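These numbers were taken from a predicted model, which means no experiment stands behind them. Note: hydrogens, waters and symmetry copies are ignored here, and every other heavy atom, side chains too, is used.
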Amino acid sequence: MVILAALIIKYVLFESHGQLEESLIHDSLNHQQDSPSNSSAKAGKSMASGLRQRTRCHTVSFSRQGEEVAVETDKEDRGSQTEEQVVEVVSEPGALSVDDSQPPRTLEECVAVMKSEAGAKSLSDSEVVLLVEKKQLPGYQLEKVLGDPLRAVGVRRRVVAPHTAHLSALDALPYCHYDYSKVVGVCCENVVGYMPVPVGVAGPLLVNGKKYMVPLATTEGCLVASTNRGCRALVNGVKSQIIRDGMTRAPSVRLPSATQATEVYMWLRKRENFAIIKEGFDSTSRYARLQDLHVGIAGRLLYMRFVAHTGDAMGMNMVSKGTEAGLKALKKFFPEMEVLSMSGNYCVDKKPSAINWIEGRGKSVVCEAVVPGKVVTDVLKTRVSALVEACITKNLVGSSLAGSIGGNNAHAANIVAAMFIACGQDPAQVVGSSNCMTLMEQWGEYGEDLHITVTMPSLEVGTVGGGTSLQPQASCLSMLNVKGANVENPGENACQFAKILASTVLAGELSLMSALAAGHLVKSHMAHNRAKPPATKPSSASLPSIPSSENIVTIKTTSPTISAPPAPLPPTTTSLSCPAIPALLPIAPNTSEDSGTRHPVSLTSSPVEPLQSLVIEELSGKKKNKSAETDEQVSSTYVVPACQDPQNMSLPHS
């Protein structure tokens, strides 16, 4: 007691709280061992406990990168906590794995631990890899067994890497900083990482009176810039309408004879019998509603194409579930009917088909726009008559000559694929969703304007389910204000998304057809879809090569010529000019002596003369001596003229 009293006085007058706590604990424990009475020891423990409850300690959190974050917390004394337990290591799920520095245990020991209460999550990564390689643990169950999706992906990469063509093949494939909890069991299996894809924006695009910035995920240069030019040209906006909405599933069934198959066919055509099938179908979901049933017959085989509204979901799973219930209802009347396949390729999903082109699948959309003739001339750099002629010869005659099904367009699949990837749709359904017919005609009293329509009968889209739940894809849907389900009007978000998509296709069709009519397609891709030359003069060793199946060739070009900026265009009374978008404009280097304004790259000057500016030489057995060639003679493969219209992101008519 004397010692405790002295320590308290010392604490009040001289020492801090932390020093007093250490002294009390240390001296109290020592006094407990020396004193024959336990009363003083109990008093020391009680005093130390009371002081510890009022004392704050700091815990340190360690991340995977070794970052230390001081976390200030209040600690309660439990009587048995020692000083070594005061500092804790705090980690988030997946931030730390089991210690992997020790040599792995034997296979038998690892199997025993995995089957014990501790489970596989208590094993090190090397030991889990051993279990997978020895077929003791299925690789696809790592997320479930380890309870940590991020750690499971890391372990799976270690299992897969030795079996790839190159041991370091996965090093450049990212896998950290991703929420795999939304992927497992929904979007992908055997995950080893994720694929970053560049996302650009085109717009603003005016659709039914509302402006949208459209996300496009693509690796094809010039696609976003071209679509953006189409959006700028649509000064009057786009009118887009849904004319049909129904996802399909068509099972194949077999009857004992063709006569019985005909009986089923005729039975299904009666309205009262359709109601029986519809009742069973609609009972499987709050949103699935059977709208129609198309039946095809081939001998004793029947193909029943169920068409149903599926709300804001794309609806394949929903329709399949309803179709199964509808078949059960039908089998009550025809028990001899045999279901061969839930999908008989009469749907048709992810394959080119005439039935989708004629009858439609998913959302059927029609949109139109009128482009003033002055915009066609100033922005699109072509003529209305040239556009109409190009559309007829390419989209109608050319596609018919090729026997194309749903291919009466310039490049609808480009925009459909880019929006599908950005917004979490099924990329394989680009096959049917890109069915499109693009039509153009002269408009106005004197035919000076352009009327363009796009008809897309089979857009298979949704705003809930599948990849739409992933955060990056959901953010792109949020850009269009169509994320998730529409509570007030189910299905409205998916329909609106289809309208925006078809309108974006119209913008892309308008821009590409203009480039084709003006003869700018090749030049545009040379400027925007190729790696830019270095700013400094490259050596001959750094020149790009052109792959060939027969010969290795090199490129020798003359130095580029950058023409001086032409005189500005005379002012006009039109108000169709759009603001420049510097972020999307490549800038040509300013080689003039003065420090004037730098001009964005465009191809308004005369086309490149291939025989003068580009010389391709085949290499024989040994390299030719080019000592007389100076560094000034080696440069890029194309001429970069100045831009006449800084606001124009297109490839104008020269």
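- Remark: the N395 side chain and the T438 side chain contain no N/O donor-acceptor pair separated by less than 3.5 Å.
- Tested against L234 for a side chain to side chain contact (heavy atoms under 4.5 Å, CB included), the candidates V371, V207, L206 yield a single pass: V371.
- A250 and C347 get closest at one heavy-atom pair: N-SG, 3.2 Å.
- The minimum heavy-atom distance between E359 and R244, with the atom names listed, is O-CZ, 2.9 Å.
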- request: Using the side chain to side chain contact (heavy atoms under 4.5 Å, CB included) rule, take V416 and Q425 through it: C-alpha gap first, then chi angles, then the decisive distance, then the call.
  value: CA-CA 10 Å; V416 173; Q425 309 301 304; over 6 Å; no
query: Does the side chain to side chain contact (heavy atoms under 4.5 Å, CB included) test come out yes or no for D349 and Q429, once each step is laid out?
result: CA-CA 7 Å; D349 187 36; Q429 289 185 323; 3.0 Å; yes
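- Considering L506, V366, L439 as possible partners of T453, the one that fulfils the side chain to side chain contact (heavy atoms under 4.5 Å, CB included) test is L439.
- Taking the side chain as every heavy atom from C-beta outward, N208 and K239 approach each other to under 4.5 Å.
- With no hydrogens or angles considered, a side-chain donor-acceptor pair links S511 and S226 at under 3.5 Å.
- Between A288 and F281, the shortest heavy-atom distance links the atoms CB-CE2, 3.9 Å.
- Side-chain contact between V183 and Y178: present, with at least one pair of heavy atoms (C-beta onward) separated by less than 4.5 Å.
- For the pair P372/N236, a side-chain contact is recorded, criterion being any heavy-atom separation below 4.5 Å from C-beta on.
- Below 30°, between 30° and 60°, or above 60°: for Y180 and Y194 the angle between ring planes is between 30° and 60°, a tilted geometry.
- A salt bridge links R156 with E143: the distance from a Lys NZ or Arg NE/NH1/NH2 to an Asp or Glu carboxylate oxygen falls below 4.0 Å.
- Two residues are said to be in side-chain contact when any heavy atoms from C-beta on lie closer than 4.5 Å; M247 and R361 meet this criterion.
- The CG atom of N486 lies 6.0 Å from the CG atom of D312; values are rounded to the nearest 0.5 Å.
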